[in-house]
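The chains referred to below are lettered A, B, ... by the order of the sequence lines, with proteins before strands, and numbering in each begins at 1.
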There are 2 protein chains.
Amino acid sequence: MNTEPSRRDSILAAAAEYFAEQGYHSAGMRGIADSVGIKGASLYNHFGSKEEILYAIALKMTRVPVEENLLVLDETGTPTERLTALIDVHLRHLAVNRVEHLVSLRELSALTEEHRDRVVEYRKYYQRRVRDVIAAGIRAEEFGVDDPMRAAVAILDLMNGVSWWLRDDYDIDSLVSTYVDYIVDGILRRRVGVRGGADEVIR
Amino acid sequence: MNTEPSRRDSILAAAAEYFAEQGYHSAGMRGIADSVGIKGASLYNHFGSKEEILYAIALKMTRVPVEENLLVLDETGTPTERLTALIDVHLRHLAVNRVEHLVSLRELSALTEEHRDRVVEYRKYYQRRVRDVIAAGIRAEEFGVDDPMRAAVAILDLMNGVSWWLRDDYDIDSLVSTYVDYIVDGILRRRVGVRGGADEVIR
DNA sequence: GTCTATAGTTTGATAGAC
DNA sequence: GTCTATCAAACTATAGAC
């Protein structure tokens with residue numbers, strides 16, 4: 001098995017770093033090529049255009065979470081357990097791919113309309129799946145919120161905000177545990193069983 | 001009193017719209033000028049450079065909140081009351097200046113180092129003030145979180161995330177009320193007085 | 001304060017040798 | 001697949017007439 005990163009992957013990694021630091025439109029093909037150790041023109045042997053590089057990054061950061069993170073929602077368990085598992089994998093995936101995540105959030109408007117639509121579709125699907133597990137939690141009387149979609153948007157904003165400030169030396173286990181707490185026991189106000197419903201707990 | 005917007009203000013509004021839509025580096029001086037109804041060269045009678053336009057937008061969206069929003073933290077009241085008031089004014093300010101807010105969040109890296117430092121300083125100060133009122137709430141046994149700074153960052157990510165998706169016809173009163181709930185009764189797990197502490201309520 | 005005209009760079013992308 | 005050389009276009013910013 002070959003562990004060498006392909007040239008294509010090297011380009012994507014260098015471009016993501018560059019786009020994150022300077023912004024997509026400010027970063028030039030020559031700069032990206034420099035980081036990889038080749039000349040600007042050689043990039044076009046691997047990608048048809050600069051926008052296709054951005055699209056590859058954005059697609060990876062939206063399709064992979066849909067295909068991998070969402071699997072934990074299909075396993076057996078209560079809505080609380082399944083959502084907790086999703087928060088865990090979501091934040092860990094974000095932490096491992098922090099710059100790519102930041103770029104795909106921030107540079108969405110730089111994509112062609114067709115590519116942007118594809119990316120947005122994945123994001124909306126992810127959002128709906130989060131909404132659905134929240135709705136299931138409400139029906140199971142585990143969660144105490146009114147509007148599952150609004151809660152899903154808030155929760156995703158909260159988690160994705162991490163990509164703006166996360167540092168490499170940050171303790172991810174601690175981050176995950178805190179954010180599970182903020183979301184499941186906090187925003188969604190997980191009910192406590194015998195102690196009564198959320199209405200008694202709050203206000 | 002003159003209610004006409006100055007040419008300078010018209011430029012800022014048009015530029016913010018343009019930057020929000022296309023991104024700072026992609027938006028050209030000609031396009032901004034077109035929106036205002038003048039030629040590109042005329043912009044330089046009002047701003048020394050394109051970057052100064054961005055700086056004016058970013059500065060307005062960081063200095064004004066510090067000078068105005070934070071006033072509510074100095075009024076009398078419990079930490080819960082003061083933080084609730086801050087969430088209210090923060091979200092309303094964000095809603096009124098949505099595109100400027102989005103631009104100043106997203107295009108921070110396009111500022112010169114000196115300008116970026118100034119903007120970041122305001123943001124950090126704002127963050128510290130939020131942290132402080134959370135810390136006061138913990139001491140008063142109103143809030144049940146461990147790390148006030150981490151909670152402050154999360155709360156600001158949650159609120160600022162709104163600028164990515166808010167639409168003009170959104171019901172702001174409802175938004176404020178939901179987010180106060182998410183934050184004060186949710187993330188910070190406001191204690192309930194006689195019913196016992198957060199330890200009893202959660203888990 | 002706005003205009004026309006343009007300087008001076010830099011950009012994304014292509015052609016063709018090797 | 002990488003290189004050198006280069007094109008055409010777009011950019012920010014300036015000069016100078018009005």
Side-chain angles (χ1 to χ4, degrees), chain A residues 2 4-59 103-104 106-116, chain B residues 2-59 103 106-116:
Chain A
N2 185 8
E4 283 290 300
S6 69
R7 175 122 290 175
R8 195 185 147 92
D9 289 340
S10 303
I11 292 170
L12 287 176
E17 204 79 47
Y18 227 61
F19 293 163
E21 195 178 324
Q22 309 201 353
Y24 170 76
H25 285 104
S26 175
M29 293 299 263
R30 289 162 181 81
I32 296 167
D34 270 358
S35 299
V36 182
I38 57 177
K39 297 295 177 183
S42 303
L43 291 173
Y44 291 88
N45 289 314
H46 304 279
F47 293 92
S49 70
K50 182 183 169 185
E51 192 268 347
E52 276 194 14
I53 299 178
L54 177 63
Y55 179 51
I57 295 169
L59 193 60
V103 168
S104 85
R106 197 183 55 183
E107 306 291 357
L108 200 67
S109 65
L111 291 170
T112 63
E113 196 180 343
E114 186 195 340
H115 287 166
R116 185 168 54 245
Chain B
N2 186 10
T3 57
E4 283 289 300
S6 68
R7 177 121 291 178
R8 196 184 147 92
D9 289 339
S10 304
I11 293 170
L12 287 178
E17 204 78 47
Y18 227 62
F19 293 163
E21 195 178 323
Q22 310 202 352
Y24 170 76
H25 286 103
S26 175
M29 293 297 263
R30 289 166 182 80
I32 297 167
D34 269 359
S35 297
V36 181
I38 58 178
K39 297 295 176 183
S42 302
L43 292 172
Y44 292 88
N45 289 314
H46 304 278
F47 293 93
S49 69
K50 183 183 167 184
E51 192 269 346
E52 276 193 13
I53 299 178
L54 177 62
Y55 179 51
I57 294 169
L59 193 60
V103 167
R106 197 183 55 183
E107 306 291 356
L108 200 67
S109 65
L111 292 169
T112 64
E113 197 181 340
E114 186 195 341
H115 287 167
R116 185 169 51 246

What residues, two or more places apart in sequence or in another chain, satisfy ring-ring contact (aromatic ring centres under 6.0 Å, His included) together with H46(A)?
none
Rounded interatomic separation in angstrom, taking CG from L43(A) and P from dA13(C):
10 Å
Rounding to a whole Å, what distance do you find between K50(B):NZ and dC11(D):P?
8 Å
Rounded to the nearest 0.5 Å, what separates atom CD in E52(B) from atom OG1 in T112(B)?
9.0 Å
Nucleotides 3-9 of chain C: which of its N/O atoms have a protein N/O under 3.5 Å away?
from   : atom 1 : to     : atom 2 : distance (Å)
dC3(C) : OP2    : K39(B) : N      : 2.5
dC3(C) : OP2    : S42(B) : OG     : 2.9

Tabulate below the donor-acceptor pairs under 3.5 Å that side-chain atoms of residues 24-37 of chain A make, not counting sequence neighbours, or state none.
from   : atom 1 : to     : atom 2 : distance (Å)
Y24(A) : OH     : E51(A) : N      : 3.2
S35(A) : OG     : G31(A) : O      : 3.3

Among all residues two or more places apart in sequence or in another chain, which pass the side chain to side chain contact (heavy atoms under 4.5 Å, CB included) test with E113(A)?
R116(A), D117(A)
So, with a heavy-atom separation below 4.0 Å from DNA chain D, the residues of residues 14-29 of chain B are A27(B), G28(B), M29(B)
Please find the pair of heavy atoms, one from A110(A) and one from L54(A), that lie closest to each other, and give the distance.
CB-CD2, 3.7 Å
Minimum heavy-atom separation for S109(A) and G23(B), please, with both atom names.
OG-N, 4.3 Å
Round to the nearest Å and state the distance from H46(A) atom NE2 to dG12(C) atom C1'.
17 Å
Partners meeting ring-ring contact (aromatic ring centres under 6.0 Å, His included) with Y55(A) (sequence neighbours left out)
H115(A)
Winner on side-chain proximity to Y44(B), out of dG1(D), dA13(D), dA13(C), is dA13(D)
Provide, to the nearest angstrom, the distance between the CD1 atom belonging to I32(B) and the P atom belonging to dC11(D).
11 Å
Listed pairs under 3.5 Å, donor-acceptor, residues 8-19 of chain B side chains, sequence neighbours left out:
from   : atom 1 : to    : atom 2 : distance (Å)
D9(B)  : OD2    : S6(B) : OG     : 3.3
S10(B) : OG     : S6(B) : O      : 3.1

Rounded to whole angstroms, how far apart are CD1 on I53(A) and C1' on dG12(C)?
11 Å
